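The structure presented is a predicted model; accordingly, all values stated were derived computationally and were not measured. Here, residue 1 is the first one in the sequence, and each next residue gets the next number.
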Amino acid sequence: MGKNNMNRSILRYLSKPGPKLGRALILLLLSLPQSIFASSISTRNYEAHPGYLANVENEKNDSGIEIPFIARPSEGLELREKIFNSELSKEFKDRYEDKFGRTEPERVYNSPNKYTYYDDLYTLQGTPEQVNDQKRQFGEYMMRRLVEYHADRYAKSDPQVRPIYEAKERLSQIKVEVQQVKFDAKYSLAGNILDLRARSPWFDTKVSLILAGANPTETIVSVTKEATPSLGLEARYLEADAKIAGIITKKLSPLLTSTLTASACTGDSQLTPRETLYLVGMSLLF
């Protein structure tokens with residue numbers, strides 16, 4: 001509406017009597033953009049631009065091309081899952097808990113903090129810097145174990161080096177089955193650790209010998225029982241630390257777990273304080 005009113009006003013102005021030169025200039029200025037636009041349309045080459053057509057008449061008779069849909073490729077394992085598979089992840093978790101505490105409340109209790117830095121606890125556990133060095137050494141062990149594990153997998157799949165892998169397995173791993181009990185022994189070169197395990201329908205028993213050369217620096221005996229899918233029972237004995245512990249684990253949800261830990265000392269040791277300890281805690285997985 002506004003544009004039409006403007007055009008009517010211009011026509012009324014041009015029809016008034018008066019000097020013709022002004023009206024002629026206005027007509028010239030109004031017609032100039034239209035002539036430029038018309039000339040640009042007539043000279044534009046649509047076929048020079050991909051996707052544009054100069055004439056769409058023949059498009060009605062074009063049958064077109066059917067584009068096939070490609071099926072979505074099956075999603076394989078991510079690189080992280082290939083490197084840290086479920087077997088290695090469980091092994092690293094068990095080793096970490098053997099080193100720094102079996103449950104989350106126990107690890108929190110043993111961790112240095114600004115409130116207990118000068119407590120007698122750290123005459124045994126070490127300063128925060130020493131604890132960080134222990135965690136760094138554990139990270140170095142993880143790297144060595146990763147190299148060892150994936151080198152074994154490569155050797156197992158390569159026919160040329162498979163005999164070497166089989167010889168290593170015969171020396172580092174033994175499996176025996178007697179009725180319903182399975183025994184196996186496995187040595188890890190990366191951690192210098194020998195694991196002896198007995199599995200039965202009633203409970204699982206594991207003995208870990210952490211070696212320094214040929215002599216064990218710690219012997220950990222663990223007996224576990226899965227009472228229900230959400231309830232786990234465990235008894236542990238650490239020989240060098242002279243400590244025995246009982247642990248009850250209750251899974252409240254896929255992300256929430258509660259634990260009850262009771263531990264007592266069976267003799268003298270310079271590794272941890274001599275105390276009877278009861279810990280109750282909950283851990284949430286993010």
Interatomic distance, Glu106 atom CD to Ile247 atom CD1 [nearest 0.5 angstrom]: 6.5 Å
Pairing of Glu169 and Lys156 as salt bridge, 4.0 angstrom limit: no
To the nearest 0.5 Å, tell me how far Tyr187 OH sits from Leu209 CG. 11.0 Å
Under a plain distance cut-off of 3.5 Å, with no hydrogens placed, do Tyr149 and Glu87 share a side-chain donor-acceptor pair? yes
When rounded to the nearest 0.5 angstrom, what is the spacing between CD in Glu104 and CG in Leu279? 11.5 Å
Joint hydrophobic cluster, Ile248 plus Val108, side-chain heavy atoms closer than 4.5 Å: no
Does Leu238 share a hydrophobic cluster with Leu277, counting links as ILVMFWY side-chain heavy atoms below 4.5 Å and allowing steps through other members? no
Under 3.5 Å: donor-acceptor pair, side chain of Ser200, backbone of Val181: no
Say whether, by atom type as modelled, one donor and one acceptor occur between the side chain of Asp204 and the main chain of Thr224 under 3.5 angstrom. no
Under a 3.5 Å distance rule, please check whether Thr259 uses its side chain to pair with a backbone N or O of Thr249 as donor and acceptor. no
With a 4.5 Å cut-off on side-chain heavy-atom distances among I, L, V, M, F, W and Y, is there a chain of contacts connecting Phe138 to Leu88? yes
Spell out, yes or no, whether Tyr278 and Tyr109 are grouped together once hydrophobic residues are joined by side-chain heavy atoms under 4.5 Å, including indirect joins. no
State, with a plain yes or no, whether a side-chain heavy atom of Glu91 is found less than 4.5 Å away from one of Asp195. no
Considering residues, nucleotides and ligands other than Glu177, do more than 12 of their heavy atoms fall under 6.0 Å from its CD? yes
Less than 4.5 Å apart, side chain to side chain, heavy atoms only: is that true for Val207 and Ile220? no
Would you find a donor on one side and an acceptor on the other, under 3.5 Å apart, between the side chain of Ser269 and the backbone of Ala240? yes
For the CG atom on Leu260, are there more than 12 heavy atoms of other groups (residues, nucleotides or ligands in this structure) within a distance under 6.0 Å? yes
Would you call Arg144 and Glu148 a salt bridge, taking side-chain N to carboxylate O under 4.0 Å as the test? no
To check you understand the geometry: which heavy-atom pair defines the closest contact between Lys186 and Arg145, and what is its length? NZ-NH2, 3.9 Å
Over all heavy atoms of both residues, which pair between Ala155 and Val161 is shortest? Give the atoms and the distance, please. CA-CG2, 3.5 Å
Validation row: Tyr165, Tyr154 side chains within 4.5 angstrom (heavy atoms): no
Between Lys90 and Asp94 (salt bridge meaning N to carboxylate O under 4.0 Å), is one present in this structure? yes
Output for pair (Arg153 CZ, Asp158 CG), nearest 0.5 Å, gives 14.0 Å
Would a single hydrophobic cluster contain both Tyr96 and Leu146, if residues Ile, Leu, Val, Met, Phe, Trp and Tyr are joined by side-chain heavy-atom contacts under 4.5 Å? yes
Under a 4.0 Å threshold between the charged nitrogen and the carboxylate oxygen, would Arg236 count as salt-bridged to Asp241? no
If I take atom CD1 from residue Ile174 and atom CG from residue Asp184, how far apart are they, to the nearest 0.5 angstrom? 10.0 Å
Any heavy-atom pair between the side chains of Met282 and Leu252 that's under 4.5 Å? yes
Atom pair CZ/OG1 of Arg107 and Thr103 - distance to nearest 0.5 Å: 6.5 Å
All heavy atoms of Pro163 vs all of Gln160, minimum pair found to be CD-O, 3.9 Å
Backbone of Glu239 reached by a side-chain donor or acceptor of Glu218 within 3.5 Å: yes
